[in-house]
Amino acid sequence: MTQSNRISTGGRIDRSHGLEFNFNGQSYQGYAGDTLASALLANGVDIVNRSFKYSRARGIVAAGAEEPNALVQLGARKDTQVPNVRSTQQALYDGLVARSTNGWPNVQRDVMSWVGKLGGNFMPPGFYYKTFMSPASMWMTYEKYIRMGAGLGRAPTESDPDIYDHMHHHCDVLVIGAGPAGLAAALSAARGGARVILCDEQEEMGGSLLDSRETLDGTSPVAWIEKTISELASMATVTLLPRTTANGYHDHNFVTLHERRTEHLADTASDAGFPGQARARLHRVRATRVVLASGTHERPVVYANNDLPGNMVAGAVSTYIRRYAVVPGNSLVLTTSNDHAYRAALDWQEAGRKVVAIVDARANPDGDLVRQARDSGIRVITGSAVIEAKGTQRVSGARVSAVDLDHFVVTGRIEDLECDTIASSGGYSPVVHLSSHTGTRPKWHEDMLGFLPGDVKDMISTGGVAGHYALGETLADGARAGRQAAIDSGFENAEELKLPDIKERRDGPSCALYQAPHEKQGLRAPKQFVDMQNDVTASAIELATREGFESIEHVKRYTALGFGTDQGKLGNINGMAIAARCLGRSIPEVGTTVFRPNYTPITFGAIVGRHCDEFFDPKRYTALHQWHVENGAEFEDVGLWKRPWYFPRNANGKKENMHDAVARECLAVREGVGILDASTLGKIDIQGPDAREFLGRVYTNKWAKLEPGRVRYGLMCKDDGMLMDDGTTSCLGDNHFLMTTTTGGAAAVLEWLELWHQTEWPELQVYFNSVTDHWATMTVTGPDARKLMSEVTDIDLDREKFKFMDWKEGNVAGIPARVFRISFTGELAYEINVQANYAMHVWKTLFEHGEKYNLTPYGTETMHVLRAEKGLIIVGQDTDGSVTPEDLGMHWAIGYDKPFHWIGKRALSRPDTMRGDRKQLVGLKPKDASIVLEEGAQIVLDPNESIPMTMMGHVTSSYYSPSLKGSFALAVLKNGRERMGETVYLPMSDGKTHEAEVVSTIFIDPKGERQNV
């Protein structure tokens, strides 16, 4: 099959490298350097898709990310399927397979198109809402068939064979866009010494210079592009990222970049000859300054049947001719409101094709390009516009009339022109999407007839996006922006860039042409499309305003204007102009919609990276994690942390099970000395003159008299009086405290403190900082703890000088440390806090000295057994959001006589929290000591009661204790404290009911004597 629209010379394609590809089951040829879109146009393919709502025939309109129609299903196999790929951004490769996303049985003869033809006028905005409201019972049936006709592509049904990855960068200057302004900015900043990242979403950098008619230093702009990129590539401080879209711009100059690494080569990286290579990469960039050089999108004109294949934006026509050597038709009519669009007609004529006419909405256009067109014999019709495209499957003609844009009426005789292509240009819309991601609203500039970016901190907009359209002005502005960004990043000696000589072109002023009037007004006119991807027409917007939708955000949601992957790139300004005209307002009064990431679609694979088949949660590791791995620890997830669960040993080639390992670890702590990595406990540094007062308000107990050097245990309740968290807080100075929290509760507690400070007590001067990662915590505990510690620290450990609930500063293993004498086991214990980077040295030193004491590492399971033997609770395990400190028997930790109503105090005086039959914390001793009660097992008083039985409570913690030589449990039980000595019953999953005695929660007293045995 011949490439009927390909011209024999010109373009940036490699004619020596032919490529075969398949579209909708038909084989075609193209060349290296083609996009799928340019190759389809070269082969004369008119219809590439069917529209979303009306199933109308659609062709290629644009040449870049703004393309609304030419979305394809890419991939030869089920596991390589990728939906919604823009054919204008998909590089052609040998063996490429693609299909249209809509159209049955095929895109040429789509059955659903008859629905659009016959019923299109009966499907205005709100059609589904109004039609399928009732009967409500039928909605599921309606939805099934509606969904069958919805969507733009099919999600893959098999696992992706490729891999994806992430990279993290810091740079001085991030330049987004490698057109003339972006290249000048990057070169200027890099020469100034800044670390620069330059990204551009196209296959090659250069932007509009790649198909420019102008010259730089008397030669083709391509020579300047190649020279500039070569210099940038040679600099060690510059990273060049072609085929990379800045898809999201977030706070503090955090920008995500989506790089397509092998998508231009083959279906998979392996097929491309790069097994193991990532198909795409997500770059996460923190930049000191961002230079936004994203350029502009050319706006098409809205006129009747402007969606027929053969309707294109003028700039795309020039791009296909000059860059890809493709003329997408034989005879052209250009309708425009500006000089720059005249390039399309001149390029078309120079390619040997017929220009029927240029239809200019201005009365007296008079610029250099206008003069060139007239001198070349092209007919120029002024004060007029194309008001309708004629044809069925492709443009066959254009209806042209004189128009009065101020009154929006057709004023002259309508002339029919025969043509197969209509190019239109209503002006240029700066690409402000990324700047809007930050929440900054763009600002309307009447002289530009477009929105320019708002003021974003540490961002400089330049070139077309900043309203500079002339090439010389664009290059100068880009160089200025790059130099300023370098200076702002600390490179004060950045020099001004010498720019190439440019013969400036004189352009006349543009006029505001968004929609061409039609002799039939409003809903009677043929469909005039504003948003082609979502089938939004001008009449739909008019209807929305008539139905009371005045906010542009409401109009957007009612009509779907700017929805989906399109994000309003071509249609938004036209849609706002139409809404403004209907409402009798100006465009800035109507405003613009909010743009959100992603700017263009990116694959979920790139978002996930290497974390496929995993929960999308970060993993947190302590500074001692590698030692735990090397010493055989089994891990459990606590919050986001990986904590050692237990340390099984190997004996005679056999690995200990958890029961034996935990029993050994428990006895080592009770009889000798053990060590625990407790670094994951939440640590919040609290400072300020009102810190002490604040603690008194958030804790249930008193803090006014806690002296520096002392530690206190505290309970924290929510405002309903239920226990939220617990932990120790140490007084580091008169106005300085260190609060510890549970591992899983750290983030919630910090958020809780900030909430109350900012919303309820903003007058208090107090400040919070999470320092969990700053400090590593090692707990040395057991009868021999003091002996071991005395060998590694210069702190006086005398029991009278270093008392329980004291803390001291000193050196441990030669490292400055804070040591706290607190215990979660009931044994003598020292908690060592050192700066996390020194943790491994201190830990290893303790083991060197602890060898003679048989120092034993223990994990969280042993910690649970040891604390439960002492009757100490774990919030979230022994509590469930319905337990008060009173229920736990912690009356001693409640300061009812404190002067300020602390959080939860009022709730504890409610009748419900003072009921005598509330569940209370008790101990349980199974009658059969070999039976470990199931955690969560329900407690009943009568084992013979019929089902459903009356449940009196449940087991919260249950373990086997090697010290007690039997099992024990903690539980919450109604009137538990009054039931001491009673027998209760626990039906369990083994089908048996087990007996247990209600006992005290303390099974081992502070002296190590065994209780309840």
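Within the structure, salt bridge (Lys or Arg N to Asp or Glu O under 4.0 Å) contacts touching residues 226-239 (residues at least two apart or in different chains) are R191-E231. Residue pairs meeting the salt bridge (Lys or Arg N to Asp or Glu O under 4.0 Å) criterion with at least one member in residues 20-41, sequence neighbours excluded, are R6-D34. Listed by first and then second residue, the ring pair (Phe, Tyr, Trp, His ring centres under 6.0 Å) pairs involving residues 258-294 are H169-H283 (not counting sequence neighbours).
Defined by atom type and a distance below 3.5 Å, a donor-acceptor pair is missing between the side-chain atoms of T268 and S270. Side-chain contact, T462 with D477: a donor N or O sits under 3.5 Å from an acceptor N or O. Side-chain contact annotation: S318 with D211, donor-acceptor N/O pair under 3.5 Å absent. Checking T565 against Q533 by side-chain atom types alone, a donor-acceptor pair falls below 3.5 Å. Counting only N and O atoms by type, the side chains of N22 and Q26 include no donor and acceptor under 3.5 Å apart. With 3.5 Å as the limit, one finds a donor-acceptor pair spanning the side chains of S429 and R299. S425 and E298 form a side-chain donor-acceptor contact under 3.5 Å, judged by distance and modelled atom types alone. Between the side chains of Q277 and R261, a donor-acceptor pair is found at a separation under 3.5 Å. With hydrogens and angles left out, the side-chain atoms of S100 and N24 include a donor and acceptor closer than 3.5 Å. Using modelled atom types, one finds no donor on one side chain facing an acceptor on the other under 3.5 Å when comparing D458 with T288.
Between S489 and V173 there is a side-chain heavy-atom pair separated by less than 4.5 Å. Under the 4.5 Å side-chain criterion, counting only non-hydrogen atoms from C-beta, P453 is in contact with M459. The closest side-chain heavy-atom distance from Q567 to N572 is not below 4.5 Å.
Residues F595 and H433 bring their aromatic ring centres within 6.0 Å. Aromatic rings from H437 and Y599 are positioned such that their centres are separated by 6.0 Å or more.
The line from NZ of K619 to CG of D637 is 8.0 Å long, rounded to the nearest 0.5 Å. How far CG of L71 is from CD of E67: 7.0 Å, rounded to the nearest 0.5 Å. Between the CG atom in L183 and the CE atom in M205 there is a gap of 7.5 Å [rounded to 0.5 Å].
Ring-plane geometry between H168 and H166 is classed as perpendicular, the angle between the planes exceeding 60 degrees on a 0 to 90 degree scale with a lower cut at 30.
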- Test side-chain hydrogen bond (donor to acceptor under 3.5 Å, both in side chains) applied to N49 and T101, step by step: CA-CA 7 Å; N49 219 337; T101 58; 3.0 Å; yes

- Message: If you apply the rule salt bridge (Lys or Arg N to Asp or Glu O under 4.0 Å), what do you find for D307 with R56, and how did you get there?
- Response: CA-CA 8 Å; D307 66 324; R56 290 169 66 101; 2.7 Å; yes

- Message: Between R77 and D267, is the salt bridge (Lys or Arg N to Asp or Glu O under 4.0 Å) condition met? List the steps.
- Response: CA-CA 9 Å; R77 309 192 308 262; D267 257 16; 5.3 Å; no

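D172 and R289 are not joined by a salt bridge, as no carboxylate oxygen comes within less than 4.0 angstrom of a charged side-chain nitrogen. For D200 and R243, the salt-bridge test fails: no basic side-chain N is under 4.0 Å from an acidic carboxylate O. A salt bridge links R620 to D773: at least one charged side-chain nitrogen sits closer than 4.0 Å to a carboxylate oxygen.
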